[in-house]
Amino acid sequence: NAGVTQTPKFRILKIGQSMTLQCTQDMNHNYMYWYRQDPGMGLKLIYYSVGAGITDKGEVPNGYNVSRSTTEDFPLRLELAAPSQTSVYFCASSYTWDGELFFGSGTQLSVL
Amino acid sequence: AQSVTQLDSQVPVFEEAPVELRCNYSSSVSVYLFWYVQYPNQGLQLLLKYLSGSTLVKGINGFEAEFNKSQTSFHLRKPSVHISDTAEYFCAVIRRGGGFKTIFGAGTRLFVKA
């Protein structure tokens with residue numbers, strides 16, 4: 001079972017560049033999430049989705065965009081990368097809206 | 001709103017010693033509680049969860065946690081740790097019936113020494 005798959009694992013961007021972090025899950029979960037993890041700060045919710053075509057902002061959405069065209073995929077878009085977006089990004093999914101989260105292995109992003 | 005405080009940022013302990021990782025939460029409504037573990041260079045995985053019922057919850061790898069409603073705590077314990085338990089541990093809460101937004105603590109780094 002693949003679970004939640006994220007690509008790429010590592011990326012270095014220059015300030016102002018754009019990129020898309022890919023996330024796909026094969027568990028048929030309706031609920032999907034993007035978190036960022038900064039040292040000593042825990043995880044902060046960027047965006048979430050409750051199903052195909054439905055997304056909403058989390059705690060720290062500025063500078064990011066998402067889309068959810070299928071149940072399986074939930075890509076995260078950075079339009080104009082800034083140094084403050086240097087972080088580790090995790091995609092997650094869940095079966096219920098208040099249940100256990102299943103995480104991908106993360107993307108380490110550096111913006112220089 | 002909910003919040004989570006993990007009282008120790010780092011916990012060094014010798015192998016085969018007991019360990020307790022402390023977690024306090026704040027919420028005006030009922031919550032579900034979780035502990036997740038993150039091994040180096042990996043994503044988080046569920047260690048255990050408290051939804052209802054018995055306040056003592058057992059999880060994977062010999063860990064257990066006790067829900068204390070009066071003290072709003074959910075401390076994680078293991079009677080004898082192994083080198084392989086070296087990881088970061090996150091306490092998390094989510095509002096019952098009003099989900100989407102799991103709130104995580106800042107994490108506790110457990111370092112097991114030989």
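Just so it is clear: chains get the letters A, B, ... in the order the sequence lines come, proteins before strands, and each one is counted from 1.
Atom CD1 of B/Ile83 is surrounded by more than 12 heavy atoms from other residues, nucleotides or ligands within 6.0 Å. In this structure, B/Lys113 places its NZ atom where more than 12 heavy-atom neighbours from other residues, nucleotides or ligands lie under 6.0 Å away. For A/Met27, the CE atom is densely surrounded, since the number of other residues' heavy atoms within 6.0 Å is greater than 12. The local environment of OH in B/Tyr39 is crowded, with over 12 non-hydrogen atoms from other residues, nucleotides or ligands closer than 6.0 Å.
Residues B/Phe111 and B/Val19 do not share a hydrophobic cluster, defined by chaining ILVMFWY side chains whose heavy atoms lie under 4.5 Å apart. Linking ILVMFWY residues whenever their side-chain heavy atoms come closer than 4.5 Å, directly or via other members, places A/Phe90 and A/Leu45 in the same cluster. Under the 4.5 Å side-chain contact rule for hydrophobic residues, A/Ile46 and A/Leu13 share a cluster. Hydrophobic clustering (side-chain heavy atoms under 4.5 Å, transitive across Ile, Leu, Val, Met, Phe, Trp, Tyr) keeps A/Phe103 apart from A/Val66. Both A/Trp34 and A/Leu78 belong to a common hydrophobic cluster when Ile, Leu, Val, Met, Phe, Trp and Tyr are linked at side-chain heavy-atom distances under 4.5 angstrom.
At a heavy-atom cut-off of under 4.5 Å, chain A is reached by B/Gly43, B/Leu44, B/Leu46, B/Lys49 from residues 43-80 of chain B, listed in order of number. Of all residues spanning residues 5-16 of chain B, none has a heavy atom less than 4.5 Å away from chain A's heavy atoms.
Residues that satisfy the ring-ring contact (aromatic ring centres under 6.0 Å, His included) test with A/Tyr89, not counting sequence neighbours, are A/Tyr64. Every residue was checked against the ring-ring contact (aromatic ring centres under 6.0 Å, His included) condition with B/Phe90, not counting sequence neighbours, and none meets it.
Heavy atoms of A/Tyr35 lying under 4.5 Å from chain B belong exclusively to its side chain. Using a 4.5 Å cut-off between heavy atoms, A/Leu43 contacts chain B through both its backbone and its side chain. Contacts of A/Val50 with chain B are made by side-chain atoms alone, with heavy-atom separations under 4.5 Å and no backbone atom involved.
In this structure, A/Gln37 and B/Gln38 have side chains that are in contact, with non-hydrogen atoms separated by less than 4.5 Å. The shortest side-chain heavy-atom distance between B/Thr102 and A/Tyr48 does not fall under the 4.5 Å cut-off.
Under the 3.5 Å distance criterion, the side-chain polar atoms of B/Tyr36 are left unmatched by any main-chain donor or acceptor of A/Glu100.
Here the straight-line distance linking atom CD of A/Gln108 with atom CG of B/Asn41 works out to 7.5 Å at 0.5 Å rounding.
Here the shortest heavy-atom pairing between A/Gly40 and B/Ala106 reads O-CB, 3.4 Å.
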